[in-house]
Amino acid sequence: MSASDEPLPEITVVAGIIRDGEGRLCLSRRPEHKHQGGLWEFPGGKVEPGEALDVALARELHEELGLDVTGCEPFMTVRHRYPDLKVTLHFREVSRYGGEPHGREGQPVEWVPLADVTERAFPAANRPVALALRLPQEWVVVPEGLDEQAVITGLERLDPQRQGVYLRNWSQGPSLSRLAAVCRERGLRFWIRDDMALAVREEASGLHLSRRALMAASAAELGGFAGVVSAACHDSRALERALALDIPMAVVSPVAATATHPDVVPLGWDGFSALTEGRPLVFYALGGLSPDDLTTAREHGAYGVAGIRAFWPGVD
């Protein structure tokens with residue numbers, strides 16, 4: 001067996017998303033002599049064999065930052081393959097802690113405003129997290145067959161803090177401008193399908209590319225869009241195309257069986273993990289899911305969940 005055929009060493013890491021009272025994020029810089037040295041990261045460290053993630057995070061943040069963590073929840077899981085190392089990173093949102101973070105091992109530690117986080121240089125496995133912090137955890141697709149007023153009523157019932165909306169079948173005509181205006185007034189992040197000029201005109205939060213548009217797009221064209229570009233991906237070819245175009249977000253489907261596509265074999269959570277592993281994107285899981293699947297999705301490599309009827313607020 002040659003050196004190139006030898007299996008890479010693997011480690012499991014847990015890292016904390018820590019916020020202060022002003023909403024700033026706690027970042028620390030890796031020592032130069034360590035793997036990915038000199039880059040910024042969300043603080044944490046290796047999980048010991050048999051150690052629970054919550055216990056490992058509390059131990060690491062006490063050792064590194066002098067914090068006493070008493071509460072945390074899953075944020076996302078990233079499985080990344082570096083040339084010399086495979087790493088599984090479990091990012092957890094720290095909800096309760098005591099103390100003021102400081103570098104107990106001499107490392108620089110800073111509170112960074114959310115708007116500035118993506119400007120820092122991170123290891124590849126941390127980059128999707130920096131973007132995910134600015135994105136909704138639920139991506140709501142507007143159902144087909146609704147009239148304009150029904151869509152407006154639904155938009156008014158969505159929660160801008162945790163939900164964004166995909167105006168999939170409303171990316172043309174005068175109704176779009178009215179729906180986009182409702183989204184902007186409510187601070188609701190919204191995506192428009194395939195038409196970048198239209199997304200720019202309507203000040204959309206994002207541009208979502210269908211598979212056809214993804215395969216036809218160019219990096220030069222997409223580089224002029226200031227919002228978040230996402231892509232519909234069902235297989236590795238689409239994901240590799242998204243990576244080649246430097247698209248940061250992918251909606252991967254179908255995870256479970258759906259009534260609308262009964263002939264399509266679902267990925268399942270293991271298939272979802274295998275497809276997304278090693279690809280540094282923000283992933284949303286779509287297909288036969290509900291908001292209750294968020295924790296499971298985050299344990300398998302997604303940041304958020306997406307869907308239609310199970311996510312759309314009922315209209316009286």
Cluster question for you: counting only ILVMFWY and a side-chain heavy-atom cut-off of under 4.5 Å, with indirect links fine, are [X] and [Y] together?
X	Y	answer
V47	V78	no
L245	L275	no
L67	V14	yes
V229	L239	no
V112	I17	yes

With the side chain counted from C-beta on, respond yes when [X] and [Y] share a heavy-atom pair under 4.5 Å apart, and no when they do not.
X	Y	result
K86	E277	yes
L222	L207	yes
L243	R279	yes
P74	H90	no
I247	L214	yes
R162	P136	no
L167	R193	no
C26	P43	yes

Should [X] and [Y] count as an ion pair when the cut-off is N to O under 4.0 Å?
X	Y	answer
R59	E51	yes
E64	R104	no
E93	R19	yes
D195	R201	no

Once rounded to the nearest 0.5 Å, what's the spacing between atom [atom1] of [X] and atom [atom2] of [Y]?
X	Y	atom1	atom2	value
C233	L281	SG	CG	7.5 Å
C72	L57	SG	CG	5.0 Å
D293	H300	CG	NE2	11.0 Å
M249	F283	CE	CZ	11.0 Å
R79	S273	CZ	OG	4.5 Å
L188	Q163	CG	CD	8.0 Å

Donor-acceptor check, side chain of [X] to backbone of [Y], threshold 3.5 angstrom: yes or no?
X	Y	answer
D235	A238	yes
Q107	E105	yes
N126	F42	yes
R186	P160	no
Y303	L131	no
E60	A56	no
R241	A217	yes
R127	F122	yes
D116	P113	no
R30	G38	no

Which is it for R120 and E110 under the side chain to side chain contact (heavy atoms under 4.5 Å, CB included) test, yes or no, and what are the steps along the way? CA-CA 11 Å; R120 298 297 176 105; E110 293 184 16; 2.8 Å; yes

For the residue pair [X] and [Y], confirm or rule out a side-chain donor-acceptor distance under 3.5 Å.
X	Y	answer
H234	S253	yes
E202	S177	yes
W111	E100	yes
H208	S230	yes
S175	E148	yes

Flag yes if more than 12 heavy atoms outside [X] fall under 6.0 Å of its [atom1] atom; otherwise flag no.
X	atom1	result
Q161	CD	no
R237	CZ	no
R24	CZ	yes
D246	CG	no

For [X] versus [Y], what's the shortest heavy-atom pair and its separation?
X	Y	answer
A257	P266	N-CB, 3.7 Å
S290	V305	O-CG2, 4.2 Å
A285	A297	CB-CB, 4.5 Å
T258	G288	CG2-N, 3.3 Å
C183	F190	CB-CD2, 3.4 Å
L158	P313	CD2-CD, 3.5 Å

CA sep, side-chain torsions, deciding dist, call: L146, W312, side chain to side chain contact (heavy atoms under 4.5 Å, CB included): CA-CA 11 Å; L146 300 181; W312 188 251; 3.6 Å; yes

Under the criterion side chain to side chain contact (heavy atoms under 4.5 Å, CB included), which of Y166, W191, Y284 is the partner of V251?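 Only one option passes, and that is Y284.
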
Intermediate values then yes/no, side chain to side chain contact (heavy atoms under 4.5 Å, CB included), R134 and T118: CA-CA 10 Å; R134 297 163 42 205; T118 53; 3.5 Å; yes

Report yes or no: is the cationic atom of R298 (NZ for Lys, CZ for Arg) under 6.0 Å from the centre of the six-membered ring of F75, at an angle within 45° of the ring normal?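 Yes, R298 sits over the ring of F75.
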
Between R212 and D194, does the side chain to side chain contact (heavy atoms under 4.5 Å, CB included) criterion hold? Intermediate values first, please. CA-CA 9 Å; R212 176 191 58 78; D194 290 347; 3.3 Å; yes

